[in-house]
Amino acid sequence: MYKFILSSNKINNYLKGHLKEICFIGRSNVGKSTLINSITNQKKLSRVSNTPGRTRHINFFQDEKKRTLVDLPGYGYSKMSKKEKLEIIIMIENYFQFRKELIKTMLLIDLKIGPTKDDLLMIDFLKKQNRQFFIILTKSDKANQSKMHNTILKIEKITKNYIIISSLKGKNIDKLKKIINLFFNSKERQQ
Ligand SMILES: Nc1nc2c(ncn2[C@@H]2O[C@H](COP(=O)(O)OP(=O)(O)OP(=O)(O)O)[C@@H](O)[C@H]2O)c(=O)[nH]1
Ligand SMILES: [Mg+2]
């Protein structure tokens, strides 16, 4: 059972006292909060919204074993003010630069939209930071075959570490849970 522990936008207030955390990052509206609810089987754990830009803080969730899931604010939301966008970018950058507890980054990309310019910038940034990432292609229930094929081709050029999911239909959610468990159980630390 996971619990919501803390929401913060200040690096010195982030959750402490645990060893390993896995974060979820991606475009605003890509389905990060919905996915956290799916993999924990807790529909109301993280707030989901039809309005993009819902998550503006870094939210920490933890189970009894102190396994920690981190819901990061989404990027690329065009209707946000410049100031807000910049604040979010800085928050995300600082998180990846300094977060020692982070063992793996789950990068969500919408199958229907494909990797956006911002997604590609994010991938470059993660590589530069030496952060290991795993790509989650979301909303498979919404994408048609040709769009899906296109996105997959682009992703395969970047990495073979990806999975296709639908939180709505439950597609590959059990498989993803196992993958996340493996990441938590692996001895290897990122940095
Ligand atoms: N069709 C479909 N819709 C989904 C799926 N996953 C999420 N959604 C919908 O997409 C919208 C955004 O979902 P969120 O989980 O709030 O997205 P987010 O990435 O957390 O967005 P921000 O907090 O703004 O960064 C909501 O209306 C969800 O119901 C899915 O697998 N299929
Ligand atoms: Mg969210």
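Remember, it's 1-based here, ligands and their atoms both numbered in the order they're listed.
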### contact_flag Ser166 ligand 1 heavy-atom lt 4.0 Å
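Right, Ser166 reaches ligand 1.
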
### Query
Judged by non-hydrogen atoms, does Thr138 sit under 4.0 Å from ligand 1?
no

### Task
Would you mind running through ligand 1 and noting each atom that sits below 4.0 Å from a heavy atom of Gly74?
25 (O)

### Message
Taking 4.0 angstrom as the limit and counting only heavy atoms of Leu168, give me the atoms of ligand 1 inside it, by number and element.
### Response
1 (N), 30 (C), 31 (O), 32 (N)

Flag [X] as yes when one of its N or O atoms lies below 3.5 Å from any N or O atom of ligand 1, and as no otherwise.
{"X": "Leu35", "value": "no"}
{"X": "Leu72", "value": "no"}
{"X": "Ser28", "value": "yes"}
{"X": "Pro73", "value": "no"}
{"X": "Lys142", "value": "no"}
{"X": "Lys32", "value": "yes"}

#### Entry: Donor + acceptor pair across side chains of Tyr75, Asp119 (<3.5 Å)
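Tyr75 vs Asp119: donor-acceptor pair found between side chains.
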
### Query
So, are Arg56 and Glu87 salt-bridged, with charged N and O less than 4.0 Å apart?
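No salt bridge links Arg56 with Glu87.
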
### Task
Just say parallel, tilted or perpendicular for the rings of Phe125 and Phe96, cut-offs at 30° and 60°.
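Correct class here is perpendicular.
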
### Residues, nucleotides or ligands: over 12 heavy atoms within 6.0 Å of Lys157 NZ
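No - once you tally the heavy atoms of other residues, nucleotides and ligands closer than 6.0 Å, there are 12 at most.
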
### Single hit among Lys104, Arg99, Gln97 for side chain to side chain contact (heavy atoms under 4.5 Å, CB included) with Arg131
Arg99

### Task
Among Leu107, Leu176, Ile179, find the residue that satisfies the side chain to side chain contact (heavy atoms under 4.5 Å, CB included) test when tested with Ile136.
Leu176

### Side-chain donor/acceptor of Lys142 to backbone N/O of Asp110, under 3.5 Å
no

### Query
Using heavy atoms and a threshold below 4.0 Å, how should the contact between Thr34 and ligand 1 be classified: side chain, backbone, both, or neither?
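Near ligand 1, Thr34 shows its backbone as well as its side chain.
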
### Query
By the rule that ILVMFWY residues connect when side-chain heavy atoms come within less than 4.5 angstrom, directly or transitively, which residues belong alongside Leu86?
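Joined to Leu86, directly or through intermediates: Ile90.
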
### Query
With a cut-off of 2.8 Å, does any N, O or S atom of Ser33 fall short of it relative to the Mg ion (ligand 2)?
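Under 2.8 Å: Ser33 contacts the Mg ion (ligand 2) through an N, O or S atom.
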
